[in-house]
Amino acid sequence: MNRAGKPTPAFFETLAAQHIELEPGELEKLEAHLEALLEANERFNLTAVRDPAEAWVRHVADSLSLVPFVAESGAKSIVDLGSGGGFPGIPLAIAMPEVQVLLVDSVGKKVRYLEEVVQRLGLPNVTVRQTRAEELADWKGGLRESFDAVVCRAVGGLATLVELALPLVKIDGLLLAIKGEKAPEEIEEAARALKELQGEVAATQRTPTGTIVAVRKLAKTVRLYPRDQGLPARKPLGVKVDPGS
């Protein structure tokens, strides 16, 4: 049984609106990835989207919306924080085989799923690691300031992402975050985090599936950031948090 089905007209229309073209064979790998996601989703929760037609747009096309940004930046190494079901990292790795992609998640069963998918699809440009962003950016032996770009979707507020992501990218590197309709509010909330982490919003772009926020790193990250595990999410820099939440 093929749970993923074939790419829908809406999927192709979404890509066409962004001038994204796929090479022969890439659609088959994207289909295999979506098939693996929906299959694994029957065993444990990876996505609330269970309709294949909806998943082609909301997961696959949404991930591929980052292709023009990655291509324009010239990035050759990216890390996908909180990869979960493999989005956006795996579709990007399929569409951009010249880019090295590290998929990061802290949940063991998700990491094992990602490892299985990468092996099944035969993606030599993808590695998987079970860790947290705070550990990955540790200045005593992590991969701090090693990547051209960090990509993420559905991970957390922008203020949190700025603190977790910018320590990982090189100077002049990018955080590429796929956000929703509240992107302007999140950018405003992230003002202190952007200042502390030496970042600036280089561009925002509405797409058929969301809003891409591109944050450029302007200078080396001080050792203070990211703070200890969990703090960037629980107490984002400059964001008032309801103590009862």
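Residue numbers start at 1 and run along the sequence shown. In what follows, every heavy atom counts, from backbone to side chain, and hydrogens, waters and symmetry copies are set aside.
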Over 12 non-hydrogen atoms of neighbours within 6.0 angstrom of CD in Glu185: yes
Contact check, side chains of Leu123 and Lys29, non-hydrogen atoms, under 4.5 Å: yes
Distance, nearest 0.5 Å, that separates CZ of Arg144 from CG of Leu166: 10.5 Å
Heavy-atom closest contact (Val79 atom, Val104 atom, distance): CG2-CG2, 3.6 Å
Passing option when His59 is tested against His33, Arg153, Glu54 for side-chain hydrogen bond (donor to acceptor under 3.5 Å, both in side chains): Arg153
Nearest atoms (heavy-atom pairs only) where Leu37 meets Gly85: CD1-CA, 3.9 Å
Enclosure of Glu72 CD (heavy-atom neighbours >12, cutoff 6.0 Å): no
Closest non-hydrogen atom pair between Val101 and Ala93, with its separation: CG2-CB, 3.8 Å
Any side-chain heavy-atom pair of Asp148 and Lys170 under 4.5 Å: yes
Greater than 12 external heavy atoms within 6.0 Å of Glu188's CD: no
Residue pair Glu23 / Glu26, side-chain heavy-atom distance below 4.5 Å: yes
In one Ile/Leu/Val/Met/Phe/Trp/Tyr side-chain cluster, 4.5 Å: Ile90, Val155: no
Cluster overlap Leu164 with Leu224, hydrophobic side-chain contacts below 4.5 Å: yes
side-chain contact (heavy atoms from CB on, under 4.5 Å) between Leu175 and Leu158, worked out: CA-CA 10 Å; Leu175 160 62; Leu158 187 63; 4.2 Å; yes
Pairwise distance CD(Glu13) to CD(Gln18) - rounded to 0.5 angstrom: 12.5 Å
Distance in Å, Ile20 CD1 paired with Leu15 CG, rounded so as to fall on 0.5 Å steps: 5.5 Å
Ser73 (side chain) donor-acceptor with Val70 (main chain) under 3.5 angstrom: yes
Cationic N near anionic O, under 4.0 Å, Arg227 to Glu134: no
For Ala219 against Lys217, the heavy-atom pair lying closest together: O-CE, 3.1 Å
Nearest heavy atoms of Pro91 and Pro88, plus distance in Å: CD-O, 3.4 Å
Closest contact, heavy atoms only, Trp56 versus Leu27: CH2-O, 4.3 Å
Gap separating the CD atom of Glu163 from the CZ atom of Arg192, nearest 0.5 angstrom: 9.5 Å
Arg112/Lys109 under side-chain contact (heavy atoms from CB on, under 4.5 Å): CA gap, chis, key distance, verdict: CA-CA 5 Å; Arg112 290 188 290 274; Lys109 60 185 177 181; 3.6 Å; yes
pair Ser63-Arg58: side-chain heavy atoms closer than 4.5 Å: no
Heavy-atom side-chain proximity of Val162 to Glu196 below 4.5 angstrom: no
Donor-acceptor contact below 3.5 Å, side chain Asp80 vs main chain Leu103: no
Atom pair CD1 (Ile94) and CD (Glu31), whose distance is rounded to the nearest 0.5 Å: 11.0 Å
From CG (Leu197) to NZ (Lys220), nearest 0.5 Å: 13.5 Å
Heavy-atom side-chain proximity of Gln100 to Lys76 below 4.5 angstrom: no
Salt bridge (Lys or Arg N to Asp or Glu O under 4.0 Å) evaluation trace for Arg216 with Asp172: CA-CA 6 Å; Arg216 187 172 303 281; Asp172 206 37; 3.3 Å; yes
Side-chain (Gln198) to main-chain (Leu194) donor-acceptor, under 3.5 angstrom: no
N/O donor-acceptor pair under 3.5 Å between Ser65 side chain and Thr207 backbone: no
Side chain to side chain donor-acceptor pair (under 3.5 Å) assessment of Arg206 paired with Thr211: CA-CA 4 Å; Arg206 285 286 299 166; Thr211 300; 2.9 Å; yes
Side-chain donor or acceptor of Gln130 paired with backbone N/O of Val111 under 3.5 Å: no
ILVMFWY network linking Leu102 to Met96, side-chain heavy atoms under 4.5 angstrom: no
Linked, directly or transitively: Tyr225 and Leu136 (ILVMFWY side chains, under 4.5 Å): yes
ILVMFWY cluster, Ile212 and Leu81 together (side-chain gap under 4.5 Å): no
Main-chain N/O of Val99 paired with Asn125 side-chain donor or acceptor, under 3.5 Å: yes
Leu174 side chain reached by Val169 side chain, heavy atoms, under 4.5 Å: no
Name of the residue among Ile78, Val151, Val213 meeting side chain to side chain contact (heavy atoms under 4.5 Å, CB included) with Leu176: Val151
Intermediate values then yes/no, side-chain contact (heavy atoms from CB on, under 4.5 Å), Leu114 and Ser83: CA-CA 9 Å; Leu114 291 170; Ser83 191; 4.0 Å; yes
Glu21 atom CD, neighbour heavy-atom count above 12 within 6.0 Å: no
Leu22/Leu64 under side-chain contact (heavy atoms from CB on, under 4.5 Å): CA gap, chis, key distance, verdict: CA-CA 10 Å; Leu22 298 172; Leu64 292 174; 4.3 Å; yes
Flag side-chain contact, heavy atom, 4.5 Å: Ser146 against Leu168: no
